[in-house]
Each structure stands twice: as structure tokens, then as C-alpha cells.
Protein chains: 2
Amino acid sequence: MSNSVSDVIEYYLKQNLNESRSGEIEIKRNELADLFQCVPSQINYVISTRFTIEKGYFVESKRGGGGYIRIRRVCLDDEAEHFVDCLNQIGQSIPQVTAEHLITRLLESRMMDRREALLMKRLISRETLQLPVHLRDQVRARMMRMLVTTLFTNRGE
Amino acid sequence: MSNSVSDVIEYYLKQNLNESRSGEIEIKRNELADLFQCVPSQINYVISTRFTIEKGYFVESKRGGGGYIRIRRVCLDDEAEHFVDCLNQIGQSIPQVTAEHLITRLLESRMMDRREALLMKRLISRETLQLPVHLRDQVRARMMRMLVTTLFTNRGE
DNA sequence: TACAAAAGTCAAAGTTAGTCAAAGTCAGCA
DNA sequence: TGCTGACTTTGACTAACTTTGACTTTTGTA
């Protein structure tokens, strides 16, 4: 399934990450590029397309002598801020438009895919809920909180 | 039977699908076009006319270096009937356990993925809805109908 | 400070696959 | 015959993803 060099490098890095007990690996860009016979900047490409924060990775690096690239798999603690932000915005009651914006942001930050976002927007709509405004906004808030909690604790793939 | 190039390609692909233990094959569009001496876009034609979701196939692809077209056989007999069956089962009101069973069946038939099923089960739960029983079962029914409709009309994102 | 040794950036080139509409084929029928 | 409509074939154009390399920035050390 993995045909491109980028895919192979991605697999290699994730393999190493899984084997490291600390959930963190440190590489030398040039050494890796050498190992996979590619230009050093391809390592940057792989990292920027496959090890993004949205996908649950945090990357640090340092240039110069003794430089490195460190990749860490982030767990809930590191995302807690974003997670809490979302929950705070939702509160105990949320109108449809606000919820729709939040869903769009979650989609844009790759926390959900298009189908999930579409489904979610339909589920929290006035038409689906068909309840008095006050009650409707409260049910919608509980649904949104459940969405965010699920997204943050059960990452796809 | 017929022996148009498209028919030959269709036969070739289905043959390969049958032989693959995983029920899934991966091809390179250009290689196939080369093999059958046709333009690459004819592969798209064959796929779009013979490997539709209605006929029980799910197709994914990726462009660029290492690109591919992946065809998977999905086990679903008669689409429309299944869709209508689901809607009938839901009706205007549905209790939590019944809805959960339906979600599990949708998951098993690959209409949804694990995370979507998990999310959906949480969304339709007593805890999330927190409404009087009769109202709750009605809201749940509308949510389930929306789920099924979305799944059947918005295949794979 | 100067230099060397890292890593970063960015855009061009390369590699696939997708879309769409025009043209071609063929069978059935008035 | 020759028309019609469904299906197939073709290719120009588009979109998405990857690879490459020239140039830049940062950092440690002599």
C-alpha cells in the first residue's frame, strides 16, 4: 500500500515511534535522507504532511551542530487546551449557527472528515431536533460536547 | 458475451478481486491503460460504470507519485431495499437498544467506521438527549433517519 | 567574528489520477 | 435506409500529491 518514498519514510518513523517507550524519537535530517536516498527537504515534506499537530504529533527541531528533529506523539494532556477551549465555547447551550461554525473548524483542523461534518450538521439542525428553542439549544450543546469529547479521545485511524 | 475493451477490463478486475484474499485490489491507472492499450481515462469509465457502490464496490484513489486506485468489494445486497428497510425499522420513534443494534449492523456492513458508530451511539443515548422518554425516542428516530439517509446518499465522504 | 554544520523554505518539475465533452459504434426500429 | 439512443472510446485539460534543489536561517565552535 505504501509506494512513494514519503510513505515509506512515514512508516519508518511511525514504526520507530511505536517501539520507543517514551513516545518520542529524535532523528538527524541528513542521516535519514541518506538512508532513504532522498534529498533532505523530503524529510520536511513528510513531516509537514504526516506529522502535523492535527494528526497528533508535535515536532521540535534544532539547527546547527548537534541539530536534530524530534517527533513526539501528543496525548490528551498536550491537547487539553484546545479540548477545553472547544468545551468552553459550547457551554450548556449553543445555537445552530455557532455549532455549525465549530463543526467547520473541527473539519478544517482535520479532527473530522467531510462526511462526519455533514452528518453532524444535519443531526444538530432545527429540523432534526424539532424541539422548543430553549430545550433544543441545550440538547445541541450536549451533542456537541459528546462530539468534541469523542473526537479528542478516539482519533480516527 | 460482449467484448468491448471496457468489458475486458471489467472482467480482468473482477477476476483479480476474486483471487485476492482481502477482497480488495490496488491498481495503477496508467499501467492498466498500457496493458489494455487504451487511454487512462477509460479506466475511469470502467470504474464509474461497473464498480459503483450500487453494485457493491467501493473505490478509493490517490494521485501523485505512488498514486493508486483501490477497489474493494463491499457486502451489501440491494441498496435501495436496504435503505428503505432501515427507515422502516426506525419509524417515528425508536428506543435506545434498537437504535444501537441498527448502528452495529451499519458498522458491520461497512456503512460507517468505528469512530462514527461510537459517536452515533453516544449521541443517541439517554445521557446525551436527557428528555422525557416519549420525546426522546422521537428525537432519536429523527436522528437515526438522518444518519441512514446521509450514509446512503453520501457514500464514503 | 568567521566558519561550518545542521535544519528550513519555497517554488519548479515530475508523477499520478479525475473530469468532461466530443466523437465513434452499434443495435433496434420507423 | 437511415434515424435514434445507449453505450464506448478518446484526448485535452485539471487537480492532487511527490520529488528535487537552490537558497536561507540558525547554532555551536574555533
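In this text the structure is predicted, and so the values were computed from the model without any measurement. The sequence lines fix the lettering, A, B, ..., with proteins before strands; numbering per chain opens at 1.
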(message) Please enumerate all residues that pass side-chain hydrogen bond (donor to acceptor under 3.5 Å, both in side chains) together with A/K28, with sequence neighbours excluded.
(response) none
(message) Suppose we screen for salt bridge (Lys or Arg N to Asp or Glu O under 4.0 Å). Which residues come up paired with A/R70, at least two apart in sequence or across chains?
(response) A/E24, A/E26, A/E60
(message) Filter on ring-ring contact (aromatic ring centres under 6.0 Å, His included), then keep only pairs touching residues 31-50 of chain B, sequence neighbours left out; what's left?
(response) B/Y12-B/F36
(message) Under the rule for side-chain contact (heavy atoms from CB on, under 4.5 Å), what residues qualify as partners of A/R142, not counting sequence neighbours?
(response) A/Q138, A/V139, B/T128, B/Q130
(message) Nearest whole Å is fine: how far is D/dT8 P from B/I43 CD1?
(response) 14 Å
(message) For B/D113, is there an ion pair with A/R115 - N to carboxylate O distance below 4.0 angstrom?
(response) no
(request) Name all residues meeting the side-chain contact (heavy atoms from CB on, under 4.5 Å) criterion together with A/V59; count only those two or more places apart in sequence or in a different chain, and write none if there are none. (result) A/I47, A/F51, A/I69, A/I71
(request) Considering just the side-chain nitrogens and oxygens of B/N44, establish if one lies under 4.0 Å of OP1 or OP2 belonging to C/dG18. (result) yes
(request) Say whether B/N44 and B/S41, considering side chains only, have a donor N or O and an acceptor N or O under 3.5 Å apart. (result) no
(request) Using atom NZ of B/K28 as one end and atom P of D/dC17 as the other, report the distance to the nearest whole Å. (result) 14 Å
(request) Write down the distance between CD (B/E60) and P (C/dG18), rounded to a whole number of angstrom. (result) 12 Å
(message) Within the 4.0 Å limit for protein heavy atoms, which parts of nucleotides 19-30 of chain D are touched? Write it as a string from 5' to 3', B for base, S for sugar-phosphate only, - for none.
(response) BBB---BBBS--
(request) Just call it for A/R70: base, sugar-phosphate, or nothing, with non-hydrogen atoms closer than 4.0 Å on any strand. (result) nothing
(request) Mind checking side-chain hydrogen bond (donor to acceptor under 3.5 Å, both in side chains) for A/T49 and listing every partner two or more places apart, or none if nothing turns up? (result) none
(request) List in chain and number order the residues that pass side-chain contact (heavy atoms from CB on, under 4.5 Å) with A/D137, two or more places apart in sequence or in another chain; answer none if no residue qualifies. (result) A/S93, A/P95, A/V133, A/R140
(message) For the helix from C/dT1-D/dA30 to C/dA30-D/dT1, what angle separates the axis at the start from the axis at the finish, each from five pairs, in steps of 10°?
(response) 20°
(request) Measure the distance from CG on B/L32 to P on C/dT15 and round it to the nearest whole Å. (result) 20 Å
(request) Would you mind reading off the distance between A/I47 atom CD1 and D/dT18 atom C1', rounded to a whole angstrom? (result) 16 Å
Review item, nucleotides 23-27 of chain C N/O atoms under 3.5 Å of protein N/O:
none

(request) Check the distance between C/dT15's C1' and B/D34's CG and give it to me in whole angstrom. (result) 15 Å
(request) Round to the nearest Å and state the distance from A/F36 atom CZ to D/dT18 atom P. (result) 16 Å
(message) The criterion is salt bridge (Lys or Arg N to Asp or Glu O under 4.0 Å); which residues satisfy it with B/K121, sequence neighbours excluded?
(response) none
(message) Among residues at least two apart in sequence or on other chains, which ones pass salt bridge (Lys or Arg N to Asp or Glu O under 4.0 Å) with B/E31?
(response) none
